[in-house]
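Start at 1 with the first residue, then count along the sequence. FYI, side chains are in, hydrogens and waters are out, and symmetry mates aren't considered; it's all heavy atoms of this structure.
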Amino acid sequence: MSLDVRDLLAPGAPDRTRLLLARDVVFHSPVADYSGRDDVAHLLPKIGQCLTGIEPLREFDDPGKAGQGQGQGQQSVTTFTGNVGADSVYGAFVQQVDAEGRLAEATLLLRPLSTLTAAINQMRDALIADPLPSRR
């Protein structure tokens, strides 16, 4: 079972997002890697404030093999469209869900570059105004 990208990137809901994350979750953004439930739960809703109107297009699942490593669960890729401001964006959200159904690792990919750059600038400003818990 994969998690709905719209739930993971729901704006303004870090407490709800936190419940969906493994303790040692790792998130790979287009700019940097983040780890730990507190930072990732803070970050994903902020992304959802910048990346709006998410509409999943297609999901590709790989159920994985539960016996191959500790806590390994299902892997999936969800492609989607959305908006950054008035600009359209196409993205892919790659996720690994642990045996308990929580997000263990994720990667966000966005294009085109001009829209990605706008999103990066918005996220920079959002994190300056409200830093990650590990950077306070």
Side-chain angles (χ1 to χ4, degrees):
M1 168 188 93
S2 65
L3 297 168
D4 190 319
V5 68
R6 293 169 293 193
D7 291 337
L8 290 166
L9 300 178
D15 292 335
R16 191 175 86 223
T17 302
R18 194 174 200 288
L19 298 173
L20 301 173
L21 305 178
R23 183 173 10 136
D24 297 330
V25 64
V26 176
F27 175 67
H28 309 284
S29 82
V31 175
D33 296 334
Y34 302 88
S35 61
R37 187 182 286 158
D38 291 340
D39 279 358
V40 176
H42 182 82
L43 186 66
L44 293 180
K46 294 231 177 282
I47 292 170
Q49 291 173 341
C50 295
L51 179 60
T52 60
I54 296 171
E55 290 295 330
L57 298 173
R58 189 144 186 215
E59 188 168 301
F60 305 91
D61 292 318
D62 177 5
K65 305 219 181 339
Q68 284 186 348
Q70 187 175 9
Q72 186 175 9
Q74 179 176 332
Q75 295 179 337
S76 67
V77 176
T78 303
T79 59
F80 63 89
T81 59
N83 299 296
V84 175
D87 296 324
S88 296
V89 67
Y90 177 83
F93 192 81
V94 182
Q95 64 176 287
Q96 170 78 36
V97 178
D98 69 13
E100 286 78 39
R102 292 191 174 124
L103 185 68
E105 186 170 1
T107 302
L108 177 64
L109 306 167
L110 298 173
R111 67 169 306 278
L113 180 59
S114 60
T115 306
L116 171 60
T117 301
I120 289 169
N121 291 333
Q122 285 183 27
M123 284 300 300
R124 180 198 62 227
D125 294 345
L127 291 173
I128 287 170
D130 187 13
L132 293 169
S134 66
R135 298 194 179 152
R136 292 182 186 157

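Within a 6.0 Å sphere centred on CZ of R111, heavy atoms belonging to other residues, nucleotides or ligands number 12 at most.
With sequence neighbours excluded, no residue forms a salt bridge (Lys or Arg N to Asp or Glu O under 4.0 Å) with R16.
Closest of all the heavy-atom pairs between Q49 and G12 is NE2-N, 4.1 Å. Minimum heavy-atom separation, V40 to P45: O-CD, 4.4 Å. S88 and T115 make their closest contact through O-OG1, 3.4 Å (heavy atoms, listed as atom of the first residue, atom of the second, distance). In this structure, P14 and A41 approach most closely via the heavy-atom pair CB-O, 3.4 Å. Listed here is the closest heavy atom pair of M123 and L43: CE-CD1, 3.5 Å. Taking every heavy atom of both residues into account, V89 and P112 meet most closely at CA-CD, 4.5 Å.
One distance of note links CD1 of I120 with SG of C50; it measures 10.5 Å at 0.5 Å rounding. Separation of atoms CZ (F80) and CG (L51) is listed at 5.0 Å; rounding is to 0.5 Å. One distance of note links CG of L8 with CG of L20; it measures 5.5 Å at 0.5 Å rounding. Summarising the geometry, atom OG belonging to S35 is positioned 12.5 Å from atom CZ belonging to F27; distances are rounded to the nearest 0.5 Å.
Under the 4.5 Å side-chain contact rule for hydrophobic residues, V31 and L116 share a cluster. L127 and L44 fall within the same hydrophobic cluster, where Ile, Leu, Val, Met, Phe, Trp and Tyr residues are linked whenever their side-chain heavy atoms come under 4.5 Å apart, directly or through other members.
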Residue pair R18, D38: steps toward the side chain to side chain contact (heavy atoms under 4.5 Å, CB included) verdict: CA-CA 7 Å; R18 194 174 200 288; D38 291 340; 2.5 Å; yes
Contacts under 3.5 angstrom, residues 128-136 side chains, donor-acceptor by atom type, not counting sequence neighbours:
residue, atom, partner, partner atom, Å
D130, OD1, R136, NH2, 3.1
D130, OD2, K46, NZ, 3.0
S134, OG, D39, OD1, 3.3
S134, OG, D39, OD2, 2.5
R136, NE, P131, O, 3.1
R136, NH2, P131, O, 3.0

Compile the donor-acceptor pairs under 3.5 Å between side chains in residues 102-109 and protein atoms, sequence neighbours left out, one pair per line.
residue, atom, partner, partner atom, Å
R102, NE, L19, O, 3.4
E105, OE2, H28, NE2, 2.7

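Among the candidates T52, I47, D4, the single residue satisfying the side-chain contact (heavy atoms from CB on, under 4.5 Å) test with L9 is I47. Residue S2 is tested with Q95, E59, Q75 for a side-chain hydrogen bond (donor to acceptor under 3.5 Å, both in side chains); the sole match is E59.
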